[in-house]
Amino acid sequence: MENLIPTKGILKSKALQKYIFETTAYPREHEELKKLRVATVHKYGNLSEMKVPVDEGQFLSMLIKMLNAKDTLELGVFTGYSLLTTALALPEDGRITAIDIDKEAYELGLEFIKNAGVDHKINFIQSDGLQALDKMLNKNPKPEFDFAFVDANKTNYANAYERLMKLVKVGGIIAFDNTLWFGFVAEEEESVPEHLRVCRKALMELNKQLASDPHIDISQVSIGDGVTLCRRLV
């Protein structure tokens, strides 16, 4: 089959990945997250690889709790695995602004979000991501966020970063997903499936940009498909 999405995970050992999932990830996975994960695979098949892996979700959950975040932003929702993860991690008065052009996929996850009792924390906006961010920037006062998770169009990550640096508070975190792009960032272009090359190039350019930006602290974490954390300094 053409244009398949590779399995997420930087670990090349399937046995080690299985060990991590079965030993520490699955036992702590919320029941509604598990049901959503299964429903996503059932409906979307190979496209379900777009969702956040279980261990990465738990990493993001702990990060949000350590930040004591209350106002968060999610750019790119899909069926809402990371969205539900965030909602469960936030305090009762926490809020998430979730942006995605695809409402149908979000509505698949909404059943499980409601069953978990956290749907009141979520404000879903059906929109192109950059357009939604521009509208926020034009508000007076503009909203401010403690944490932003970006898992949308990879070729627009750099444009999203420019806008998010004006929306995330000083000391807040912007997390970019998929920054190691199935490990293809470390391989020659000729060995990369053609349909994945454009995003690979965009992510490699973003990685260089973030690494040289003095306005942030940065850590690229080799979990899932690579998560780059940017802590805004100024």
Should Glu49 and Pro6 count as side-chain neighbours, where that means a heavy-atom distance under 4.5 Å? no

Any side-chain heavy-atom pair from Ile99 and Leu73 closer than 4.5 angstrom? yes

Calculate, to the nearest 0.5 Å, the distance between atoms OG1 and CD1 belonging to Thr228 and Ile218 respectively. 5.5 Å

Checking Thr86 against Thr72: is there a side-chain donor and acceptor pair closer than 3.5 Å? no

Check: Gly76 main-chain N/O paired with Asp151 side-chain donor or acceptor under 3.5 Å: no

Any side-chain heavy atom of Tyr161 sitting closer than 4.5 Å to one from Ile216? yes

Step-by-step side chain to side chain contact (heavy atoms under 4.5 Å, CB included) determination, Arg231 to Leu229: CA-CA 7 Å; Arg231 178 175 175 267; Leu229 305 179; over 6 Å; no

Apply side chain to side chain contact (heavy atoms under 4.5 Å, CB included) to the pair Ile174 and Phe145, showing each step before the final yes or no. CA-CA 10 Å; Ile174 305 169; Phe145 299 98; over 6 Å; no

Kindly say whether Gly57 contributes a backbone atom to a donor-acceptor pair with the side chain of Ser61 at under 3.5 angstrom? no

Test side chain to side chain contact (heavy atoms under 4.5 Å, CB included) on Thr85 and Val52; report intermediate values, then the result. CA-CA 10 Å; Thr85 296; Val52 166; over 6 Å; no

Which heavy-atom pair separates Leu196 from Trp181 by the least distance, and what is that distance? O-NE1, 2.9 Å

Treat each ILVMFWY residue as a node, draw an edge where side-chain heavy atoms are under 4.5 Å apart, and state whether Met62 and Tyr81 are in one component. no

Backbone of Ala25 reached by a side-chain donor or acceptor of Gln58 within 3.5 Å: yes

Between Met204 and Val185, the two heavy atoms sitting closest are CE-O, 3.6 Å

I'd like to know if the side chain of Asp146 reaches the main chain of Asp71, judged simply by a donor and an acceptor atom lying under 3.5 Å from each other, with no hydrogens or angles considered. yes

Donor-acceptor pair, side chain of Arg200 and main chain of Val192, under 3.5 angstrom: no

Please answer whether the main-chain N or O of Tyr44 pairs with a side-chain N or O of Ser48 as donor and acceptor at a distance below 3.5 Å. no

What distance do Lys166 atom NZ and Arg232 atom CZ have between them, rounded to the nearest 0.5 Å? 10.0 Å

Would you call the rings of Phe124 and Tyr106 parallel, tilted or perpendicular, where under 30° means parallel and over 60° means perpendicular? parallel

Is any side-chain N of the basic residue among Arg163 and Asp134 closer than 4.0 Å to the acidic one's carboxylate O? yes

Could you tell me whether the side chain of Asp100 and the main chain of Phe78 form a donor-acceptor pair under 3.5 Å? yes

Can you tell me how far the CD1 atom of Ile96 sits from the CG atom of Leu83, to the nearest 0.5 Å? 5.0 Å

Considering only NZ, NE, NH1 and NH2 on the basic side and carboxylate oxygens on the acidic side, decide whether Glu31 and Lys34 come within less than 4.0 Å. no

Donor-acceptor under 3.5 Å (Lys121 side chain, Ala87 main chain): yes

Would a single hydrophobic cluster contain both Val221 and Phe21, if residues Ile, Leu, Val, Met, Phe, Trp and Tyr are joined by side-chain heavy-atom contacts under 4.5 Å? yes

If you group Ile, Leu, Val, Met, Phe, Trp and Tyr by side-chain heavy-atom gaps below 4.5 Å, do Leu90 and Leu67 land in one group? yes

Give me the atom names and distance for the closest heavy-atom approach of Val234 to Met165. O-CE, 4.3 Å

Which atoms form the tightest heavy-atom contact between Gly224 and Pro53, and what is the distance? CA-CG, 4.0 Å

Between Phe184 and Pro193 the two heavy atoms that sit nearest each other are CZ-CD, 3.5 Å

Which value, rounded to the nearest 0.5 Å, describes the distance between Ile113 atom CD1 and Leu36 atom CG? 7.0 Å

Side chain to side chain donor-acceptor pair (under 3.5 Å) between Lys154 and Tyr157, intermediate numbers included: CA-CA 5 Å; Lys154 315 309 170 193; Tyr157 270 19; 3.0 Å; yes

Could you tell me the separation between the CG atom of Asn159 and the CG atom of Leu164, rounded to the nearest 0.5 Å? 10.5 Å

Measure the CG-CG distance between Leu60 and Asp55 for me, rounded to the nearest 0.5 Å. 10.0 Å

Keeping Arg95 on the side-chain end and Asn123 on the backbone end, is there a donor-acceptor pair under 3.5 Å? no

Would a distance-only check, ignoring hydrogens and angles, find a side-chain to backbone donor-acceptor pair under 3.5 Å from His195 to Leu4? yes

Is there a side chain to side chain contact (heavy atoms under 4.5 Å, CB included) between Thr179 and Leu210? Walk through the geometry before answering. CA-CA 11 Å; Thr179 56; Leu210 297 179; 5.7 Å; no

With a 4.5 Å cut-off on side-chain heavy atoms, are Lys43 and Thr79 touching? no

Can you check whether Phe112 reaches Leu33 side chain to side chain, under 4.5 Å on heavy atoms? no

Under a 4.5 Å cut-off applied to non-hydrogen side-chain atoms, are Glu56 and Asp177 in contact? yes

Taking all non-hydrogen atoms of both residues, which atom of Ala175 and which atom of Val227 are closest, and how far apart? CB-CG1, 4.3 Å

Leu206-Val198 co-clustered via ILVMFWY side chain contacts under 4.5 Å: no

